[in-house]
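Heads up: the structure comes next, in structure tokens.
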Amino acid sequence: MKIYDHKKIEKKWQTVWDKKKAYKTSNKSKKKKYYVLDMFPYPSGVGLHVGHPKGYIGSDVFARVKRMQGFNVLHPMGYDAFGLPAEQYAIEHNINPRQAVEKNVKTFEKQLSVIGLSYDWDRRVNTTDPEFYKWTQWIFLRIYNSWYNKSVDKAEPIKKLIKIFEKSGNEKVNAVCDSNIAIFTAREWKLKPPKQKQDMLMKYRLAYEGYAQVNWCPKLGTVLANDEVLDSSSGPVSERGGYPVEKKDMRQWFMRITAYADRLLVGLDGLNWSAHIKEIQKNWIGKSEGLIFSAKVKESDMVIKTFSSHYQTCYADTFFVIAPDHPLLPKLLEGRPEKDAVLKKAKEIVEKKNKQGADYKDIDGIFTGRYATDSLGNGDLPIWVASFALKDYGTGIVKCSAHDERDFAFAKKFNIKLKEVVEPIFIAHADKLDSNLPFVERNAISAVIKHWSEDKYLVIKWKKTNWYTFVTGGIKNNETPEQAAIREIKEETGYTNLRIKTVLPPCHSKFYHIPKKQNRFAHFSNFYFELVDGQKVEISNTETEKHEVLWMTIDEIRKCLTPEGQLRDLDIVLGTQKAYIGNGMLTEPEEFKGRESDEVREEIAEWLVKKGLAVKKINYKMRDAIFARQRYWGEPIPLQYDEEGIIRELPEKKLPLVLPPVKSYQPTGTGESPLGSVKDWVKNGYETNTMPGWAGSSWYFLRYMDPKNKKAFANKSAIKYWKNVDMYVGGQEHATGHLLYSRFWHKVLKDYGLVVTEEPFQSLRNQGLIMAADGRKMGKRYGNAINPDDIVKTFGADTLRVYEMFMGPFEASLPWSTDNIVGSRRFIERVWKMSQKMKILKNVSKIDPKLETLLHKTIQKVNNDIENFAFNTCISSMMILLNEMEKQENIHKKDFELFVKILSPFAPHVTEQIWHDFGHTTLLVLEPWPKADKNKIKETEVTFVIQINGKVRGEFQAKAEISEDEARKAIEHMPEIKKWIEGGIKRFIFIPKKLINIVV
RNA sequence: GCCCGAGUGGCGGAACCGGUAUACGCGCACGACUUAAAAUCGUGUCUCGCAAGGGAUGUGGGUUCGAUUCCCACCUCGGGCACCA
């Protein structure tokens, strides 16, 4: 018997596959295509740990199965090598970043090569290769030369927009563009000087130049995306290096991704991605439907606009808040004596906000001295400045009301008048309400009663329900609510000498009245009484039996009081109430009085729009993406500025615009990129910013389709054949970055017919992390990294692969355990030994039919589980099969070969060797994938579980098709069942092929 | 704060659509082989109980003949967003 020598076997077959080009993929194939893609890595200098290949192994297993299933599989690998880490490394070691990248790529490939991944290495791409980034620049220019035409809902050439301007100006243009655009006619357009034309077009382009407040990191000398900034105790810091980050206004390039907000949202529906990632993207896009209201500023010709999505309470609005950095603020203050003071304070507010770590709950604000009148008739409302109004969301001005937590808190702090238009409806035990019954309405009172000398309030404890409430009761006919309250207090507590302090606002309650079996809708009039003294009359026995009268402190009450509405009454009495933002009965406008605010929301919107009081508007949280870095190591932006500042794009022939050598990669620290110190570069007027890290990764998957093409980013027929990625595997940390940006670019390309699908990645799976044994993240910096090279050396690549797939669910983050890996090694060794045994024969006379059933069931399960990326259960089912085969006297060679085939994607080397030892001359990795034999899976005999009252009491073998009556007869006399059913059977539940439950 | 997701043996985890909870693996215990150990193979391994039987899937309740699975409340952990009107 040969010894299992993983080193020899793995080396041998890796060489053979390589020589025979087993994984080479052709673009000219009649087979159906399948594109399995890994998120390409950033080749870092520190090398891999065992966590890195997990995703690659998963996608490799999947790609191997698809290949064996007869698909033409595209499974490539490449490098995303622009960006900060390589540049940092270059600065630290004073070498060209390109050298660092080359070195790191070599290390990376050496480490990957021993794992046996089935990539077509001939298609490898590298974003820093000029032949690659030529096309990144080309696509950039395409986006730059586009605007978004909302009328046809797609990107169109800017030339078309210029034609429209020349013909009829911009009034009728329906575009996604800068919100601040003056209307001009065709004549006015033609008269504009070139620079003004350029500036105007910039407001429409999908890639545009502008100024923005950005996360500026002085130490790194660059701008960082929000997801590259982390919060720390000392304020925001860079993800890399942990250097301080501040806000700064800088010239930037942007991508108008917001033009695609809706398509990015809608497109999610058709994708086979995890619900979790879709949810993250959905929240990130943050669609919100609302209304725009206008208001006239008093003693001025200004009109201000506000956006609201909680417009059902718009008649409660009592003040405005404008963002402190709003461009209209200075204009608003024009001619006001407090102008300078307000602007100074506004500046302070902005600065305070920018200094992170400040507690924004502590909102600062200042009154502008201006009032505005809204068209709803809410009166003259003061305009305040506060940082919670965001200049980039909605209109930058908020109309505020008592029915918003933040507005409410702000108003309380600055003593601004509030008004409520919703009377709260509290629902007690919503699940108990009977949806079939109508609501029976009742009028009632509730009273907060203060003790005559102590700081205590009267609470009633209901003996039956153990509820604690204030005095409460129904209103009789011919009684005012106040009379009812006084009567109820007397009846329930005996106190008579009381004085009304306040009439509290009404509220309502819906609940299920258990004794009467009714849905109740009670309308409460609420009062606050104070007792003058303890004078009391006798109360009836029927009352004392029901309840007990208690005096409690506020803290005690808060702990035990049952009705929500009464807690609110107490808060109003104490002045500690919060905004009510829930559902309730509207008191205004008159047309909707008495109706429920949540219910009439849509109706109110229509009504307001119809009356011309508001306009519908959709807002998104998502902002345009900054597309520039003040660094060296990125794709140059292929644009040239002349002396007048006119921008010229580089013609396609001149692409790629190659990064020039520089003396120092050190950031200048002024915000300008090292390119600013290259004389020729500046003389030529080239843009000194470079593209951000996400440029190349936004389209690289298209380059794999035709990686060597010199005439296009990929040949049309290649794009038509490969279409898009069928299965994409990578980390979920890219949810709001790469995965969104690539979808955006893909949609732009789709609008031009340059790609054929709306979405780039049809299915997406996210591998979980492998944590270190100590529970922390694995990494060099923690000193807990396990090198895959060591594991491959000791246990073999097949063992590593099987173990990483067997550890647990693919998407879960799990701790590494070098102890547990021996289980996977034993499994492979047992497979090996089994293959060497004499009991595997070509002609076996007696084959256990149960083994055949198990074999084919296993094939079926592996098939299903692989589609679901449930690799861990694939392996466990194959282990079960192996356990069973080991118990057999003899096994048919054909059967064992089926097992070897389904194991092959997980452990390709050892299975290839076994296949070869069995006398085959073909490559196992290219063999057809087995199908489960349906006839062999069919079970004729099944085991029923017998339960009595849901508890397992026995088992019972029977034909699969046994009828309920037959089963009943058969088991009634079984002794272990008989003893339970002597008292008679109430119910007999029969689940075919599975279970019988007898209720006694 | 808001929005997701998850909580099952000593450990990693399994359980399809509501139908035998703890598959598979690790570990541990015992046994076989061995002078011995390792490796390998075999047996056992949630818990209380002598047994009959009872109790366990974060906690408490509900729906159901039957709940890890569905519903409600709470606790803990992980992730996303964070003044988004």
Side-chain angles (χ1 to χ4, degrees), chain A residues 226-227 231 274-284 286-288 290-291 306-311 317 320-321 323 353 359-361 363 386-390 392-401 403-407 409-410 429-432 619-623 732-733 735-736 802-803 806-809 811-824 826-827 829-830 833 861 864-865 868 870 872-883 886 943-955 979 986-991 993-1000:
Chain A
N226 279 333
D227 46 295
D231 273 326
S274 77
H276 181 229
I277 297 274
K278 286 197 200 181
E279 186 73 22
I280 292 174
Q281 287 209 351
K282 203 176 149 190
N283 290 343
W284 183 265
K287 185 176 179 173
S288 158
L291 297 177
T306 61
F307 172 78
S308 169
S309 62
H310 200 254
Y311 44 73
D317 295 339
F320 292 93
V321 169
K353 179 173 178 164
D359 183 7
Y360 298 145
K361 291 273 174 268
I363 310 163
S387 62
F388 71 77
L390 306 172
D392 294 325
Y393 186 79
T395 64
I397 306 173
V398 194
K399 196 141 69 84
C400 302
S401 80
H403 298 293
D404 179 280
E405 266 179 73
R406 192 193 45 204
D407 298 354
F410 184 77
H429 301 286
D431 51 315
K432 296 234 162 62
N619 262 326
Y620 299 93
K621 282 189 204 171
M622 187 170 64
R623 303 290 146 81
Q732 66 155 52
E733 66 273 18
T736 56
V802 167
Y803 176 61
F806 179 63
M807 286 172 81
E811 314 216 341
S813 288
L814 300 164
W816 174 266
S817 160
T818 305
D819 289 336
N820 280 357
I821 200 172
V822 301
S824 302
R826 281 179 200 151
F827 170 61
E829 276 186 31
R830 278 162 54 207
K833 276 185 207 157
K861 182 165 172 60
N864 281 337
D865 288 356
N868 298 323
N872 55 332
T873 49
C874 283
I875 291 168
S876 83
S877 66
M878 286 190 280
M879 285 173 170
I880 294 168
L881 177 63
L882 180 68
N883 289 346
E886 281 175 340
T943 307
F944 280 84
V945 169
I946 307 168
Q947 293 183 337
I948 311 291
N949 289 341
K951 286 205 160 42
V952 180
R953 300 295 181 194
E955 274 183 4
K979 66 174 178 180
K986 278 195 194 132
R987 232 179 121 177
F988 192 88
I989 290 138
F990 179 80
I991 311 293
K993 295 183 196 177
K994 275 207 175 121
L995 170 142
I996 292 159
N997 189 12
I998 304 169
V999 186
V1000 293

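All of these numbers come straight from a predicted model, not from anything done at the bench. Naming: A, B, ... by sequence-line order, numbering from 1 per chain.
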Of A:V952 and A:A812, the one whose closest RNA chain B nucleotide lies more 5': A:A812

Phosphate-side-chain proximity, A:R826 and B:C26, N/O vs OP1/OP2 below 4.0 Å: yes

Sugar-phosphate only, base, or nothing, as touched by A:N883 at under 4.0 Å among non-hydrogen atoms: sugar-phosphate

Sugar-phosphate only, base, or nothing, as touched by A:R623 at under 4.0 Å among non-hydrogen atoms: base

Touch class at under 4.0 angstrom, heavy-atom based, for A:E955 against every strand present: base

Side-chain N,O (A:K951) to OP1/OP2 (B:G55) below 4.0 Å: yes

Touch class at under 4.0 angstrom, heavy-atom based, for A:S308 against every strand present: sugar-phosphate

Touch class at under 4.0 angstrom, heavy-atom based, for A:I880 against every strand present: sugar-phosphate

Touch class at under 4.0 angstrom, heavy-atom based, for A:V398 against every strand present: base

Touch class at under 4.0 angstrom, heavy-atom based, for A:Q732 against every strand present: sugar-phosphate

Selection from B:C81, B:G12, B:U20 that lies nearest to any side-chain heavy atom of A:W284: B:C81

Phosphate-side-chain proximity, A:N872 and B:G12, N/O vs OP1/OP2 below 4.0 Å: no

Phosphate OP1/OP2 of B:A85: any A:S288 side-chain N/O under 4.0 Å: yes

Touch class at under 4.0 angstrom, heavy-atom based, for A:G396 against every strand present: base

Nucleotide nearest A:K979 when distance is taken to its side chain, options B:G25, B:G53, B:U40: B:G53

Inter-nucleotide C1' distance (B:C41, B:U34), Å rounded: 13 Å

Side chain A:R406 and base B:C84 donor-acceptor under 3.5 Å: no

Nearest-Å distance once atom C1' is located in both B:U47 and B:U57: 14 Å

Derivation of the side-chain contact (heavy atoms from CB on, under 4.5 Å) call for A:L291 and A:S308: CA-CA 5 Å; A:L291 297 177; A:S308 169; 5.6 Å; no

Short side-chain N/O contact from A:N820 to OP1 or OP2 of B:G13, under 4.0 Å: no

Distance between P atoms of B:C16 and B:A23 (Å, rounded): 15 Å

Separation between the C1' atoms of B:A15 and B:G9, rounded to whole Å: 15 Å

Sugar-phosphate only, base, or nothing, as touched by A:K278 at under 4.0 Å among non-hydrogen atoms: nothing

